[in-house]
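Sequence lines set the chain letters: A, B, ... in the order given, protein chains first and strands last, and positions in each chain run from 1. Computed over heavy atoms, backbone and side chain alike; hydrogens, waters and symmetry mates excluded. All of these numbers come straight from a predicted model, not from anything done at the bench.
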Protein chains: 2
Amino acid sequence: MNNVEFNLVYNAISFAIAAFGASTIFFLLQRSQVSPAYKTALTLSSLVCLITTYHYLRIFESFNNAYLLKDGLVIESGMQFNNAYRYVDWLLTVPLLLLEFVLILRLPHSETYKKGFALVAASALMVLLGYPGETLTIGFAKIIWWILAMIPFSYILYEMVYGIGMSIKTQPMIVQPLFKKTRLLIILSWSFYPLVYILPLLGFSAFVSIQVGYTFVDIIAKSVFGILIYIIAQRKSEIGA
Amino acid sequence: MNNVEFNLVYNAISFAIAAFGASTIFFLLQRSQVSPAYKTALTLSSLVCLITTYHYLRIFESFNNAYLLKDGLVIESGMQFNNAYRYVDWLLTVPLLLLEFVLILRLPHSETYKKGFALVAASALMVLLGYPGETLTIGFAKIIWWILAMIPFSYILYEMVYGIGMSIKTQPMIVQPLFKKTRLLIILSWSFYPLVYILPLLGFSAFVSIQVGYTFVDIIAKSVFGILIYIIAQRKSEIGA
């Protein structure tokens with residue numbers, strides 16, 4: 001890692017702390033602007049951003065303990081940079097993001113529970129299967145874990161398009177285009193993670209591309225996604241849906 | 001402790017901080033979604049998680065002062081890892097968890113006080129009797145303290161099944177299955193603690209299995225339990241029960 005790369009990672013992580021901290025407060029405050037049926041979705045948006053803020057603060061701390069930029073040179077301290085923070089974060093936040101989407105559809109109770117439970121289980125499994133491969137920098141085993149994690153991910157994509165995604169047609173006309181955009185955002189941004197994951201195998205500098213790549217896509221998949229969820233909740237509240 | 005074990009404990013504790021911090025805010029916010037009769041139960045859920053967040057922050061600090069991972073090796077600093085934090089935590093949170101369960105039943109005032117007092121006293125006694133044995137790693141004395149702590153624990157289990165547990169039959173039909181699941185969760189997750197407690201006697205690496213085991217079961221017994229309590233409170237509020 002040279003000093004340009006050091007600064008890129010350093011500033012990306014700090015940017016994430018500011019973005020997620022502000023997002024947390026935004027969703028907390030705007031919770032009052034939606035009807036009771038959608039307040040839980042807004043609660044979850046703020047929790048996702050709170051958990052992420054915590055983890056980016058820890059990542060920042062870990063990065064600064066592991067690397068030092070002095071006299072224009074990056075020095076390794078010998079302390080470990082803890083890569084697991086991201087996976088611990090996703091284990092909590094990824095299921096909550098899917099629950100946000102389920103809750104905003106306002107399906108019958110039984111369906112909310114059934115679909116909610118299946119998506120929470122699939123997404124937790126996806127993160128747990130992804131971690132062992134993330135720690136391997138190269139090779140066959142990394143690909144095997146990647147394929148295993150892609151199985152629950154494929155189920156989630158299937159639900160988004162054909163399962164729960166079909167419920168979009170029963171939503172009020174005014175919010176259907178927003179729902180489609182939100183779904184597209186999940187599909188595109190979430191597909192970015194398995195791409196970043198295999199970047200090292202394609203010859204990219206693993207550390208810098210993974211840190212900056214995951215940070216960028218985290219902001220899209222959590223903050224920007226949460227804002228779309230909020231706009232849908234607010235529109236549906238306005239028309240009493 | 002090797003570096004894999006170090007990371008397992010480190011990440012489990014950090015995971016708990018994020019999970020309990022988020023749970024605290026969840027119960028605080030969702031308190032607005034239940035009728036006044038159940039707001040106290042939600043308040044207690046958030047306090048349990050707040051107290052636990054505090055203690056996991058202290059455990060994390062204590063762990064990082066006692067152990068250091070440098071150049072891939074775990075170094076002991078000579079500073080004490082304070083194991084008492086968990087017992088201080090349980091002394092406060094275990095009685096509150098039982099009160100949550102009593103409050104959500106919405107019994108007559110006199111019974112709430114009588115059963116609440118008995119369960120608070122028994123659970124505090126259980127934690128106080130458990131601590132002396134936890135500090136002993138092996139031997140006869142550890143078993144004696146374990147047996148002593150099992151006496152109030154047996155009373156709590158008895159109350160859950162035959163005492164206060166019988167009140168589940170008087171609950172609205174729609175929430176009875178949820179009540180049974182919540183009771184089962186208490187019985188199973190709480191039974192896990194005395195098991196983790198005696199793991200060292202069965203030849204398991206005491207430190208790692210105890211730290212990871214207690215952390216995992218804490219999340220089930222506090223956060224997941226609290227979510228079930230919230231769902232019951234919300235359902236009962238909806239039907240005006």
Participant: Less than 4.5 Å apart, any side-chain heavy atom of B:I229 and any of B:F27?
Facilitator: no
Participant: Among residues at least two apart in sequence or on other chains, which ones pass side-chain contact (heavy atoms from CB on, under 4.5 Å) with B:L8?
Facilitator: B:V208, B:V212
Participant: May I ask you to test the A:V120-A:L98 pair for a side-chain heavy-atom distance under 4.5 Å?
Facilitator: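 No. Closest side-chain heavy atoms not under 4.5 Å.
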Participant: Can you tell which of A:L28, A:L47, A:V48 has the highest number of heavy-atom pairs within less than 4.5 Å of chain B?
Facilitator: A:L47
Participant: Residues two or more places apart in sequence or in another chain: which of them pass side-chain contact (heavy atoms from CB on, under 4.5 Å) with A:L73?
Facilitator: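 With neighbours one apart ignored, the set is empty.
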Participant: Show your working on side-chain contact (heavy atoms from CB on, under 4.5 Å) between B:L68 and A:M79 and close with a plain yes or no.
Facilitator: CA-CA 9 Å; B:L68 197 73; A:M79 302 291 281; 3.8 Å; yes
Participant: Identify which part of A:L44 has an atom lying under 4.5 Å from any heavy atom of chain B, answering side chain, backbone, both or neither.
Facilitator: side chain
Participant: So which residue, A:L50, A:L92, A:L96, ends up with the most heavy-atom pairs under 4.5 Å with chain B?
Facilitator: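 Looking at each option in turn, the highest pair count goes to A:L92.
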Participant: If the cut-off is 3.5 angstrom, what donor-acceptor pairs do you find between chain A and chain B?
Facilitator:
| residue | atom | partner | partner atom | Å |
| --- | --- | --- | --- | --- |
| A:R31 | NH2 | B:L29 | O | 3.0 |
| A:R31 | NH2 | B:Q30 | OE1 | 3.1 |
| A:R31 | NH2 | B:S32 | OG | 3.3 |
| A:P36 | O | B:Q33 | NE2 | 3.1 |
| A:T40 | OG1 | B:Q30 | NE2 | 2.8 |
| A:T43 | OG1 | B:Q30 | OE1 | 2.6 |
| A:Y54 | OH | B:S14 | OG | 3.0 |
| A:G78 | O | B:D71 | N | 2.7 |
| A:Q80 | OE1 | B:N7 | ND2 | 2.9 |
| A:Q80 | NE2 | B:N7 | OD1 | 2.9 |
| A:N82 | ND2 | B:N11 | OD1 | 2.8 |
| A:Y85 | OH | B:Y10 | OH | 2.6 |
| A:H109 | NE2 | B:E238 | OE1 | 3.4 |
| A:H109 | NE2 | B:E238 | OE2 | 3.4 |
| A:Y113 | OH | B:R235 | NH2 | 3.4 |

Participant: Any chance you could lay out the side-chain contact (heavy atoms from CB on, under 4.5 Å) test for A:F20 and A:I219, step after step, and finish with the verdict?
Facilitator: CA-CA 8 Å; A:F20 286 116; A:I219 291 168; 3.8 Å; yes
Participant: Between A:L42 and chain B, which part of the residue has a heavy atom less than 4.5 Å away: side chain, backbone, both or neither?
Facilitator: neither
Participant: Taking side-chain contact (heavy atoms from CB on, under 4.5 Å) as the definition, give me every residue that meets it alongside B:L157, ordered by chain and number, with sequence neighbours left out.
Facilitator: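 Result, side-chain contact (heavy atoms from CB on, under 4.5 Å) vs B:L157: B:F153, B:I187.
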Participant: Indicate the atoms forming the closest heavy-atom contact of A:P172 with A:I239, along with that distance.
Facilitator: CB-CD1, 3.7 Å
